[in-house]
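Below you'll find the structure I mean.
Just so you know, ligand 1 is whichever comes first in the structure, and atom 1 is the first atom listed for that ligand. Keep in mind the model is a prediction, meaning the values are calculated, not measured. Along the sequence shown, residues are numbered consecutively beginning with 1.
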Amino acid sequence: EKAGYAHFMLKEIHEQPKAYRDTMGSRIDAAGGKIIFNELKLTPEQIHKIDRVHIVACGTAYHAGLIGKNAIERLARIPVEIDVASEYRYRSPIITPQTLVIVVSQSGETADTLAALREAKRCGATVLAITNVVGSTVAREADDCIITWAGPEIAVASTKAYSSQLIAFYLFSLYLAQVKKTQSSEYITEVITALRALPEQVETILGQFEQIKNFAEEISTHSDLFFIGRGMDYAVAQEGSLKLKEISYIHSEAYAAGELKHGTLALIEEGVPVIALATQEDLFEKTVSNIKEVKARGANVLGISAEDEHEMIKSVDQHFAIPKTLGLLTPALSVIPLQLLAYYASLALGNDVDKPRNLAKSVTVE
Ligand code: F6R
């Protein structure tokens, strides 16, 4: 059942190229120039009327939502708010019939997410679910549903479900842009072409696991570490940090790179591991200067960026290269080394990788 892999988590990490292809599937036309969402009841007229989007989810699905917010705002120019489900319901969010509420849930059974969905519907919003389970409660109760075709996810730590949620968000954001004509058809084609190249690029990253395994073994003796990045790199850093905590039990924090010096920099001392993501061209210089700040305090830095970023390579202790793609799509690649890092750190510590302590796969209590 583990198809020769030592753990479900490793198997699921390796299933991501397939999950990407299946989630894109027939949602891209044969010519690669258009997004097709035959399953959506949401009409172009309704889309034109949407004046705000709320994204609501828990844990890893919330982290996928952070990327979704970025993609929708950039591509479709609709303002997006995002909340964790357990907070959303209790803050009296402003929900109108012109609000599109997107709930994201791998299992489709998470109690807080379900309660948020029901509250949104009660207020007259249209609810779109992004879920991995056909026929789940969230899928049944939402007005519309985009299934992520990641296949069953057994390991408690979510990997392929998260990354295929990213693909679903990219596709849906492109679809909104196509309907609202907020982007040229040339640009939409460019993004689609880059999306289709992702599965092979993930394969390339998976082939370089040794480098991450070595770094994971190195950090496994530490009790605190940091993930830093800006923009979408910060969102991916949050996911990397959660993954590591969840299965290795090593404490970590994700920080917006520019925010460190407002307090947390005090925790950086000789040998503290810092994983720094710098995949966004427009933010690159700024992140590199934050890397220099932690290096100057003795941090042991693993840098993650495109292969040709020499300034970055010079500034870090170790560098992991991810293949070139559009800035918008880098999370679908940069999360892979972070999943591997969590996996190999957990393994090095002799933990139960697939069934971490205190956690359940599906959280059906509030
Ligand atoms: C972490 C993880 C959790 C889930 C969260 C939501 O690896 O798996 O944070 O993402 O419990 O679960 P779903 O997506 O099923 O609603």
- Item | Ligand-residue contact atoms, ligand 1 with Ser105, heavy atoms, under 4.0 Å |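 Counting atoms of ligand 1 from 1, those under 4.0 Å from Ser105 are 13 (P), 14 (O), 15 (O), 16 (O).
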
- Message: Geometry only, no angles: is Ala157 polar-contacting ligand 1 at N/O separations under 3.5 Å?
- Response: no

- Task: Could you tell me the residue and atom name of the protein heavy atom closest to atom 15 (O) of ligand 1, and the distance to it rounded to 0.1 Å?
- Result: Ser107 OG, 2.7 Å

- Identify the protein heavy atom lying closest to atom 11 (O) of ligand 1, giving its residue, its atom name and the separation to 0.1 Å. Val363 CG2, 4.1 Å

- Message: Give me the residue, atom name and distance of the protein heavy atom closest to atom 12 (O) of ligand 1.
- Response: Thr110 OG1, 3.5 Å

- Enclosure of Lys245 NZ (heavy-atom neighbours >12, cutoff 6.0 Å): yes

- Glu109, portion touching ligand 1 at heavy-atom distance under 4.0 Å: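 Neither part.
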
- With atoms numbered from 1 as shown, which atoms in ligand 1 lie under 4.0 angstrom from a non-hydrogen atom of Ala61?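 Numbered from 1, ligand 1 contributes 10 (O), 14 (O).
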
- Query: Is the number of heavy atoms from other residues, nucleotides or ligands within 6.0 Å of CZ (Arg77) greater than 12?
  - Reply: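 Open.
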
- Any chance the side chains of Glu259 and Thr264 put a donor and an acceptor closer than 3.5 Å?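 Thr264 and Glu259 do not have a side-chain donor-acceptor pair below 3.5 Å.
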
- Task: Report yes or no: do Thr330 and Thr279 form a side-chain donor-acceptor pair below 3.5 Å?
- Result: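 Yes.
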
- Which atoms from ligand 1 have a heavy atom of Gln106 less than 4.0 Å away?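 With Gln106 as reference, the close atoms of ligand 1 come out as 13 (P), 14 (O), 15 (O), 16 (O).
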
- Message: At less than 4.0 angstrom from any non-hydrogen atom of Gly59, what atoms of ligand 1 do you find?
- Response: 9 (O)

- Query: N/O of Lys243 under 3.5 Å from N/O of ligand 1, yes or no?
  - Reply: yes

- At what distance is the nearest protein heavy atom to atom 3 (C) of ligand 1, and which residue and atom is it? Thr60 N, 4.0 Å

- Item | Gln98-Asp51 side chain donor-acceptor pair, cut-off 3.5 Å |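 Short answer, no.
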
- Task: Identify which one of Ile304, Ile275, Leu302, Val301 satisfies the side-chain contact (heavy atoms from CB on, under 4.5 Å) criterion when paired with Val316.
- Result: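 It is Val301; the other options fail the test.
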
- Task: Mind listing the closest non-hydrogen atom pair of Ala299 and Ile268 along with its distance?
- Result: CB-CG2, 3.8 Å

- Interfacing atoms of ligand 1 (cut-off 4.0 Å, heavy-atom, Ser158): 7 (O), 8 (O)

- Message: Would Ser362 count as a contact residue for ligand 1, given that I'm defining contact as a non-hydrogen atom of the residue lying under 4.0 Å from a ligand atom?
- Response: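 No heavy atom of Ser362 comes that close to ligand 1.
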
- Task: Return a yes/no value for Gln165: is any of its N or O atoms, backbone included, closer than 3.5 angstrom to an N or O of ligand 1?
- Result: no

- Message: Quick check on Val156 - does any of its heavy atoms sit under 4.0 Å from an atom of ligand 1?
- Response: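 Within the 4.0 Å threshold, so yes.
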
- Query: Side chains of Ser241 and Ser252: is there a donor and an acceptor less than 3.5 Å apart?
  - Reply: yes

- With a cut-off of 4.0 Å, which atoms of ligand 1 are near a heavy atom of Glu246?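 In order of numbering, the contacting atoms are 1 (C), 2 (C), 7 (O).
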
- Check: Glu218/Asn300 side-chain N/O donor and acceptor closer than 3.5 Å: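 Checked: Glu218/Asn300 side chains pair up, N/O donor to acceptor below 3.5 Å.
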
- Query: Quick one: nearest non-hydrogen protein atom to atom 6 (C) of ligand 1, plus distance?
  - Reply: Cys58 O, 3.4 Å

- Task: Please indicate whether any nitrogen or oxygen in Lys361 is less than 3.5 Å from any nitrogen or oxygen in ligand 1.
- Result: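 No; the residue has no nitrogen or oxygen that sits under 3.5 Å from a nitrogen or oxygen of the ligand.
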
- With a 4.5 Å limit on heavy-atom distance, are the side chains of Leu42 and Tyr175 in contact? no

- Test Lys160 against every option in Gln339, Glu15, Gln16, His14 by the side chain to side chain donor-acceptor pair (under 3.5 Å) rule and name the one that passes.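 Output: one option passes, namely Glu15.
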
